[in-house]
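Quick notes on the structure that follows.
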Amino acid sequence: MAIIVNPFTALGVPDWIWDTFALLLTILFTVILIRIIRMLHKREIVPDYMTSKLFMMFFAPVFVICWLLFSGGFYSRYMVAALPGLFLFVYILVATDSIKGEEFKQTISPDGTSRGLMKAPLFYTLLMGFAALYLWYVPLDSIAAPIYSLFIPTALLIFGPLAGGSNFSNLINYRYGKHKFKVFTEKSIEGSLAMYLCSLLFTFGLLGIYWLLLGQVFNSFNIITLVVPVFIISGISTVVELLSPQNYEIIWIPVVAFFTIFIIHLIGFYPFFVVFPFRIPFVP
């Protein structure tokens, strides 16, 4: 059984009420993340070029960790997807100057502009919405009831390289990328090494948090069938990051990572659900 589900089920509290509370907590944690980055920037601890990278480095990990707050029922993933939906709405309002959001743009947009806000952050947030809807960590049975004894790690294997590896690689390339590749001059040996190591670190870190809270689930399968794919996905994502033009990594890394996971699932080495079967929204 999952440890964190609706704790008030015995009192008759519906899952959707608990999930609403969990969503508010998720929004709060995200706002705190933005505030921390903004504070570090104002104190000149974090320079301009790092704010957007730090946000995207930790936004998705905070997001998927907060999944554990939700009940895991059919409507949970739709409730979670409300957070990326909210950010998309705010992006549009700020980019069109419908609301004032200079600090928001300076923190999240790579170049501090409205145009930059509608590029990498926009796609990143769309991917988070897709993950919430189709890569949820608890599968459903034939009557749309959550199967807490099973676990889907696919989203963690994608966000590890994308959030941690790619963004940290860009920071290392900017500050310490001394040995540039001859063809891809914006990439470096130092950056690629950082990409691979941080992909592993973030992926295993996310899996470790889930393991602490879902230990009984992890004990039910062969851990090797999860560890080896992590190394494979991290390695392939590192190559993709190297070959991708600047600022296009955010597209190619999750796409290639997902299809790699799908392929190793087809050959039987990744015995986990890859993606939810398509269901009509809001119909159990």
Side-chain angles (χ1 to χ4, degrees), residues 53 56-65 67-68 120 123-139 150-173 184 187-212 214 217-218 221-245 247-276:
K53 297 301 180 184
M56 290 194 289
M57 187 182 296
F58 293 104
F59 185 22
V62 168
F63 180 63
V64 295
I65 290 171
W67 288 5
L68 290 165
F123 183 84
Y124 191 77
T125 306
L126 286 171
L127 177 65
M128 290 169 58
F130 171 81
L133 293 174
Y134 292 103
L135 303 179
W136 189 250
Y137 78 103
V138 180
L150 298 181
F151 169 59
I152 303 175
T154 303
L156 308 186
L157 270 64
I158 293 175
F159 280 122
L162 179 65
S166 178
N167 288 291
F168 193 74
S169 172
N170 286 330
L171 295 177
I172 294 299
N173 276 327
F184 307 100
K187 308 297 174 65
S188 66
I189 295 176
E190 293 85 355
S192 293
L193 181 60
M195 167 72 189
Y196 184 65
L197 294 178
C198 281
S199 294
L200 293 175
L201 177 63
F202 268 67
T203 305
F204 281 123
L206 292 173
L207 289 170
I209 292 173
Y210 271 70
W211 176 77
L212 288 174
L214 306 174
V217 179
F218 276 75
F221 57 79
N222 185 353
I223 197 68
I224 299 298
T225 60
L226 181 56
V227 170
V228 174
V230 171
F231 281 92
I232 294 174
I233 302 303
S234 296
I236 291 177
S237 297
T238 299
V239 175
V240 171
E241 194 275 339
L242 173 62
L243 299 178
S244 297
N247 300 321
Y248 283 88
E249 308 96 330
I250 198 169
I251 297 176
W252 288 112
I253 288 176
V255 169
V256 174
F258 179 81
F259 278 102
T260 302
I261 291 173
F262 183 71
I263 291 171
I264 60 178
H265 174 70
L266 286 180
I267 63 179
F269 190 75
Y270 184 77
F272 308 99
F273 291 88
V274 176
V275 65
F276 270 108

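The analysis underlying the following values was restricted to heavy atoms, covering all of them including side chains, and did not include hydrogens, waters or symmetry mates. Being a predicted model, the structure only gives us computed values, none of them experimental.
For the pair P271 and T225, the tightest heavy-atom approach, listed with the atom from each and the gap, is CD-CB, 3.8 Å. Nearest approach of K53 to N170, heavy atoms of both residues: NZ-ND2, 3.1 Å. Minimum heavy-atom separation, P161 to S199: CA-OG, 3.3 Å. The nearest pair of heavy atoms linking A132 to F63 is CB-CZ, 4.0 Å.
Atom CD of E249 sits about 10.0 Å away from atom CG of L242, to the nearest 0.5 Å. Atom CD1 in I250 sits 10.0 Å away from atom CG in L126 (nearest 0.5 Å). For the atom pair CG of L197 and CG of L201, the computed distance is 8.5 Å after rounding to the nearest 0.5 Å. Residue M195 holds its CE atom at 13.0 Å from CD1 of I172, rounded to the nearest 0.5 Å. Atom OG1 of residue T125 and atom CE of residue M56 lie 9.0 Å apart, to the nearest 0.5 angstrom. In this structure, Y124 OH and L162 CG are separated by 5.5 Å, a value rounded to the nearest 0.5 Å.
Contact annotation: the side chain of Y270 approaches that of L157 to within less than 4.5 Å [non-hydrogen atoms, C-beta and beyond]. Looking at heavy atoms from C-beta onward, P153 lies out of side-chain contact with Y210 at the 4.5 angstrom threshold. Taking 4.5 Å as the limit, some side-chain heavy atom of F258 sits within range of a side-chain heavy atom of L135. Here the side chains of S244 and I253 are not in contact, with every heavy-atom distance at 4.5 Å or above. Looking at heavy atoms from C-beta onward, I261 lies out of side-chain contact with P229 at the 4.5 angstrom threshold. Between I65 and L206 there is a side-chain heavy-atom pair separated by less than 4.5 Å. Taking 4.5 Å as the limit, every side-chain heavy atom of Y137 sits out of range of all side-chain heavy atoms of V64. Inter-residue side-chain proximity for F204 and V227 is flagged as met; some heavy-atom pair is nearer than 4.5 Å.
Around CZ of F123, the count of heavy atoms belonging to other residues, nucleotides or ligands within 6.0 Å exceeds 12. Counted within 6.0 Å of OH on Y248, heavy atoms from surrounding residues, nucleotides or ligands total 12 or fewer; the atom is thus considered open. Dense packing is recorded around CZ of F151, with more than 12 heavy atoms of other residues, nucleotides or ligands lying under 6.0 Å away.
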**Study point:** Pair L68-L214, side chain to side chain contact (heavy atoms under 4.5 Å, CB included): steps then yes or no
**Key:** CA-CA 9 Å; L68 290 165; L214 306 174; 4.0 Å; yes

Check your understanding: Does the pair F159 and L127 meet the rule for a side chain to side chain contact (heavy atoms under 4.5 Å, CB included), with working shown?
Key -> CA-CA 10 Å; F159 280 122; L127 177 65; 3.9 Å; yes

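By the 30° and 60° cut-offs, the orientation of the rings of F262 relative to H265 is tilted.
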Going by atom type alone, with no hydrogens or angles, which donor-acceptor pairs under 3.5 Å involve a side-chain atom of residues 230-237 and a protein atom two or more places apart or on another chain?
| residue | atom | partner | partner atom | Å |
| --- | --- | --- | --- | --- |
| S234 | OG | V230 | O | 2.9 |
| S237 | OG | I233 | O | 2.8 |

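Checking side-chain atoms of S169 against main-chain N and O of G191 turns up a donor-acceptor pair under 3.5 Å.
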